[in-house]
Amino acid sequence: MTKERGNWLDTAHPETRAIRSGVKRTPEGEHSEPIFTTSSFVFESAEDAAAKFMGQDGANVYSRYTNPTVRMLEQRLAALEQADAAVATASGMAAILSVCMAFLQAGDRVVCSRDVFGSTTGLFQNYMSKFGVDVCFVPLTDFEAWEREVTSSTKLVFCESPSNPLCEVADLKRLADLTHRVGAKFVVDNCFCTPALQTPLALGADIIIHSATKYLDGQGRVLGGAAVGSAQDMAAVTAFVRTCGPAMSPFNAWVVLKGLETLFLRMEAHSHNAQKLAEWLVSNPQVLKVHYAGLADHQGHSLASMQQSHYGGVLSFEIKGGRDAAWRFINATELMSLTANLGDVRTTIVHPATTTHGRLSDQQRSEAGIAEGLIRIAVGLEHIDDLRKDCDRGFDAL
Ligand SMILES: *Cc1c(COP(=O)(O)O)cnc(C)c1O
């Protein structure tokens, strides 16, 4: 296979890398990336097989180990996060699991921000704990709590920033420094921002997690995930994925490769639409509060302005009248899809208290600030006027 000519990519802008990095062409000369739908690879000779099984550089043996389409995606993601390497996985959760399995053992401690993705909480609480890993959750922006809980037995410190659905923002540099004081690894789930808006490795994070299911694909077509980081750390993650099998399919890798080509355009457009919608919602008398880091009075605004190039596509807002009003609002909308998914060109709307955060106790929900009147919108790329009109249907139903 032939690489793109020259080494101009090494100094190219991220927008260019999102389109060009990782491309390898076969002698057929195809312009777009090919999908290698094969489970295994054949060898020239017994000698060739022996060399490749012993790990000859870049050789393909079996698609649970490596696959050329999946590798193109891994190289492109690594280039975007300014990392040595990436490991693609079957889903975002498979990426988090693989990092846990690579770096944790009985007696270790994980400190995780409280408002992470529900299945992430479940993975730590219900499964890692089964194997003797001590797990502790702290409020994302309570730095004193992090300082208290990140002890010498801590091996992983995990957070999402901005958080879901309240858009709280972590001080990534400060958390990275705290984590490194005890020799642990700082893992950031960068799903909401993507490398188009935020590159946490540059702020001191060690490992980035992605649910490629969300903005990296961007059009709601496939499941996928990735871990990104140093060559050494990713070798440990690769060893787990190869042995235990949560590998990404070549077709899904190809879909995500296509998605990445428009990542920068989409993330800016998502952010612009979300900013306009947030500013419009603020002025509505039925709205008690809008949570979006792009608003100057949001608690995380100044940090987000330093860490991110835009504020992203997800916002939430609390309306008067609690659950009853929130449900009436949601049921009256017509354009927005009623689904918990996000990171899609199609706008989605959801009632966190009874869906994504429905399994929490009333007390846990109130501690997490998930009010009964809270509505989350993952703003898509439809015209802003149509989105406002759809929200007006909701407001008219109150
Ligand atoms: C969706 C999501 C995940 C899990 O990703 P899957 O691809 O669904 O496994 C992890 N983290 C965040 C922030 C997510 O939104």
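Whatever order the structure lists them in is the order used to number ligands and atoms, beginning at 1. Please read all numbers here as calculations on a predicted model, not as lab measurements. The figures here come from the full heavy-atom set of this structure, side chains too, leaving out hydrogens, waters and symmetry mates.
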Exercise. Are F103 and V237 close enough that some pair of their side-chain heavy atoms sits under 4.5 Å apart?
Worked result: yes
Exercise. Take atom CH2 in W280; do more than 12 heavy atoms of anything else shown fall under 6.0 Å from it?
Worked result: yes
Exercise. More than 12 non-hydrogen atoms from neighbouring residues, nucleotides or ligands closer than 6.0 Å to NZ on K52, yes or no?
Worked result: yes
Problem set entry | Working for ring pair (Phe, Tyr, Trp, His ring centres under 6.0 Å), residues Y215 and H270 | CA-CA 10 Å; Y215 290 107; H270 279 293; 5.1 Å; yes
Exercise. With no hydrogens and no angle check, do the side chains of D84 and S230 hold a donor and an acceptor under 3.5 Å apart?
Worked result: no
Exercise. F124 vs F158 aromatic rings, parallel, tilted or perpendicular, using cut-offs 30° and 60°?
Worked result: perpendicular
Problem set entry | Neighbour list for ligand 1 [protein residues, heavy atom under 4.0 Å] | S91, G92, M93, F117, E160, D189, C191, F192, S211, T213, K214, G224
